[in-house]
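Comments concern the structure below.
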Amino acid sequence: MSDNHAKMKHSIGTSNRWEMYLDNREVILEMRNITKKFPGVTANDDISFSLKKGEVLALLGENGAGKSSLMNVLVGLYRADAGSIYVNGQKVSITSPSVSSSLGIGMIHQEFMLVDTMTVAENIILGIKDLNLVPDMKAISEKISEISEQYQLKVNPSSYIWQLSVGERQRVEILKLIFRGANILILDEPTAVLTPQESKELNGIINQMKKEGKSAIFITHKMDEVMAFSEDVYVLKQGKLVASKRTSDTNPKELARMMVGREVLFQFDKGEYKPGKSVLTVKDLCAVNSKGLEALKTISFEVKSGEIFGIAGVAGNGQQQLIDSVTGLQKIRCGSVYINESDCSNKNPIDYIKAGVSYIPSDRLGMGVAGTMTVLNNLAMKGYRDKPFSSHGLLIKSYFKKFAENMIDLFRISTPGPETIVKFLSGGNIQKAILAREIDSCRNLLVAAYPSRGLDVGATQAVRTRLIEQRDEGKAVLLVSEELDELLMIADRIAVMFEGEFMGIVDSSNTDREELGLMMTGMKRDQVK
Amino acid sequence: MKFVFEKRKTQLKRLLFLIPFISFVGSLFLSGLLLLAFKTNPLMVYGAMFKGAFGNWFNFQETLVKAIPLMLAGCGVIIAFRMRFWNIGAEGQLVMGGIFAAWVSLFLIDFIPPWLVLPAAFTAALIGGGLWAGIPAILKAKLGVDETLTSLMLNYVAIIFCQYLYNVVWIDPNGYGFPGSKIFDKAAWLPRLTGRVHLGLIFALIIALVLWFMLKKTKWGFELKIIGESPMTAKYLGINIPKNIIIALFISGGISGIAGMGEVTGIAHRLTHGLDMGYGFTAIIIAWMSQLNPIAAIFVSILMSVLLVGGDQVQRTMGLPSAIGLLLQGMILFPLLAGALFSEYRVKSIKSIGEAVK
Ligand SMILES: Nc1ncnc2c1ncn2[C@@H]1O[C@H](COP(=O)(O)OP(=O)(O)OP(=O)(O)O)[C@@H](O)[C@H]1O
Ligand SMILES: [Mg+2]
């Protein structure tokens, strides 16, 4: 490559032309000079890019950089303040999601947009305009089954959404798009909730769609996915497009640096492993799921003070029921749960909270925060019962404010201010608010479900550091994660769950990805050895 | 240049006060158009209404008298709506409160010292209204039964039960068949401040203040808000939802019940017709207009009372149906709903997304 070309590649304005020079596939989508402002922030600042037929493009950026906003403009959920959109060379007016849908643009949102009380099939056809008055549900179900067969997206069309796990809901979202025949797919952090296995399957789906001439825009915080999935990568920072590169010409380190603006190191100072007394003791626990089916089969383990106990496994193998059982959110069938020697079996969430248990749930908007309340109030929701948040039944609002400002600072929550309504924060910043509240209020046990899900590289590193801090302070941490690297990096012991059972508990210093991977498929520890 | 709606980042505090005002003015305007269609001069009608409500000391007292049950029932509804519990049974709860207070004033009175009669009637009304609201609350909390329907239906049960009492069971034997109980003993008369304005006004003001304080400043108020905004989050935070629904609804119904006591012991001094005047339904409009703020509800109640009393006056002086007042009340809802839209959304002009905004 000549010097000149290299220069061209580094200047954003001309890089598109350079790509086109290399690649003569037709451009099917173009966003030109898009600007989107919200009170107090410019989410998108004069952004232009284009997408070609059969191309997969990755959109990278820190939490709050403006990725979701840009895509929401594209699907007509938000209106840009300035700029224009071209589909197949035609200037278009995308005034609502149904317009974008009819243009073949479909989006899987970061937060699910499914109706809980309806079935999978009903959700999939919801909002389709040219349906018969009384849709033929049987034919629709058949078509859904067909697609789910074809793409290996296993869901039962007649299940209700509320019965499904987070991972299954994600599959429904994907099905919905394919069902509607989208040819430009926007995936906003789709793999944040998928298992490694599922994310591999998704890769397969995307490749298949690519072959059919469909294109995708992919938002993710996982560098290895950017490298594996995409052809081009665009980096946003504080609403501005700061880089665009061919994926093959860059590497994760460089991308991370462009996003964050500094070198990101994935190393942790972890104190020596000195487990103390048992904080959480689970004996012969069994429980059922929301459908009344057996989800946990006699599980026993201990989490000691000063240790991080990791739980690995493909989502939907009983992790949720296990977490709910040790936080009081679900009833157990048999066995017992002890927190610091006091029997908490079948007690209520409040008893666990009083026993010093904090919990970072996987369902952020539904459970973790009250979306319509302010950041300030949400941050105070664990502490409000006691001093200094309240005394004699009265709230001390001045402390609420002080506390919120402190947390926003400490956890780098990007928000216009403490009085902002939480649901207007970016996905990653909502997660940071929950982390701040739960980590700060933790006294004995911290239950963390997928804590780094949806966080950018910098924030992921910060969260892991905080979990280790908790451990080093002598607290017990129960960490549920699908990322084996995360578990191997920070957990002291790891249990692998499969179909409601532990396949074994291993020391993290004494195992590797292969062994964990085999156990995740249902092999017992002793069989693996 | 085009305009679009965009969700506001924060609700403006300023609008909290502006909205009831704007909806009121909007309602006057819309009703004015209607009146014009009937070939009546709206300005004259409004003038007559204003005079009817404020014209002289007597009329103003009447406005205050009618505002009392509105304030109380409005506060009752507010506490339930804060939890997104759609208690539309304030009417029935008010009637039940009246019945319980009447029972104390007619029967229990013989067994307790005179000074205890009014406190007993107060307590009984609280319990009566509270229990009546407790039924939908328990059904919802324990069985998940939708509260809208149950609380609505219980209105009619209470109203008809009340009619049965004053027409049949408690009817005054010396009343020449006039539907109504006998007049209470003086010990059961709620003291009057001036004219017909009774002590209930003080109850209402105190209750509104206490409620405001409770919702805004206490832990319990915070918990109610969380339950209302996100029940799942409340559960996760260890807040006992069924218990809170039941307690809050008991209080909600109890406050409406006190409104009933005020009517029975403060105005009529007997149990008779006139309890189910629709105060409990107007209370729902009041709750919305005051945006679930009890202090605002005090003023909004007076405003609504002006419409009621003024409407009566229009009937007397201009020969128009008194339903004009109700018409105006109803008309308030439209601008109010629009107003709610503006408090959450802002209108924004966009430059050129080109053809995008057609
Ligand atoms: N509806 C909205 N109202 C107000 N502000 C918003 C809204 N949506 C987004 N924002 C703001 O715009 C900025 C960009 O948010 P956006 O959701 O696009 O970030 P993101 O890049 O998707 O981040 P993440 O990785 O955390 O999902 C943030 O500061 C956010 O607070
Ligand atoms: Mg986002």
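Here is the naming used below: chain letters follow the sequence lines, and residue numbers restart at 1 for every chain. Keep in mind that the numbers below use all heavy atoms, side chains included, and drop hydrogens, waters and symmetry copies.
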Task: Neighbours of chain A found in residues 131-142 of chain B - heavy atoms under 4.5 Å - done: none
- [ ] Check whether A:Asp324 gets within reach of chain B through its side chain, its backbone, both or neither, counting any heavy atom under 4.5 Å.
- [x] neither
Open item on the list: How long is the straight-line distance from CG of B:Asn240 back to CG of A:Asn348, given to the nearest 0.5 Å?
Closed with: 7.0 Å
Task: Spacing of A:Thr372 atom OG1 and B:Lys225 atom NZ [to the nearest 0.5 Å] - done: 6.5 Å
Task: Leading residue by heavy atom contact count with chain B [cutoff under 4.5 Å; candidates A:Asn377, A:Thr35, A:Val99] - done: A:Asn377
Task: Side-chain heavy atoms of A:Asp363 within contact of B:Met232, under 4.5 Å - done: yes
TODO: Against chain B, label A:Tyr359 side chain, backbone, both or neither, depending on which of its atoms sit under 4.5 Å from a heavy atom there.
DONE: both
TODO: Kindly check if the number of other-residue, nucleotide or ligand heavy atoms within 6.0 Å of NZ (A:Lys382) is above 12?
DONE: yes
Open item on the list: With a 3.5 Å distance limit and no angle check, can you tell me whether B:Tyr236 reaches the backbone of A:Gly366 through a side-chain donor-acceptor pair?
Closed with: no
TODO: Indicate yes or no for a side-chain donor-acceptor contact from B:Lys219 to the backbone of A:Gly393 under 3.5 Å, with no hydrogens or angles considered.
DONE: no
Open item on the list: Any heavy-atom pair between the side chains of A:Arg385 and B:Ile239 that's under 4.5 Å?
Closed with: yes
Open item on the list: Please identify, among A:Glu438, A:Lys354, A:Lys397, the residue contributing the most non-hydrogen atom pairs under 4.5 Å to chain B.
Closed with: A:Glu438
Open item on the list: As an exercise, state the distance from NZ of A:Lys423 to OG of B:Ser230, rounded to the nearest 0.5 Å.
Closed with: 11.5 Å
- [ ] Sort A:Gln90 into side chain, backbone, both or neither according to what part of it lies under 4.5 angstrom from a heavy atom of chain B.
- [x] neither
Task: A:Ile353 to B:Leu237 - nearest heavy-atom pair and separation - done: CD1-O, 3.2 Å
Open item on the list: Strictly distance-based, threshold 3.5 Å: is any side-chain N or O of B:Thr233 a donor or acceptor partner for the main-chain N or O of A:Val369?
Closed with: yes
Open item on the list: Ring centroids only, cut at 6.0 angstrom: are A:Phe389 and B:Phe222 within range, meaning strictly under it?
Closed with: no
Open item on the list: What part of A:Arg32 gets within 4.5 angstrom of chain B, counting heavy atoms only: side chain, backbone, both, or neither?
Closed with: neither
Open item on the list: Around atom OH of A:Tyr160, are there more than 12 heavy atoms from other residues, nucleotides or ligands closer than 6.0 Å?
Closed with: no
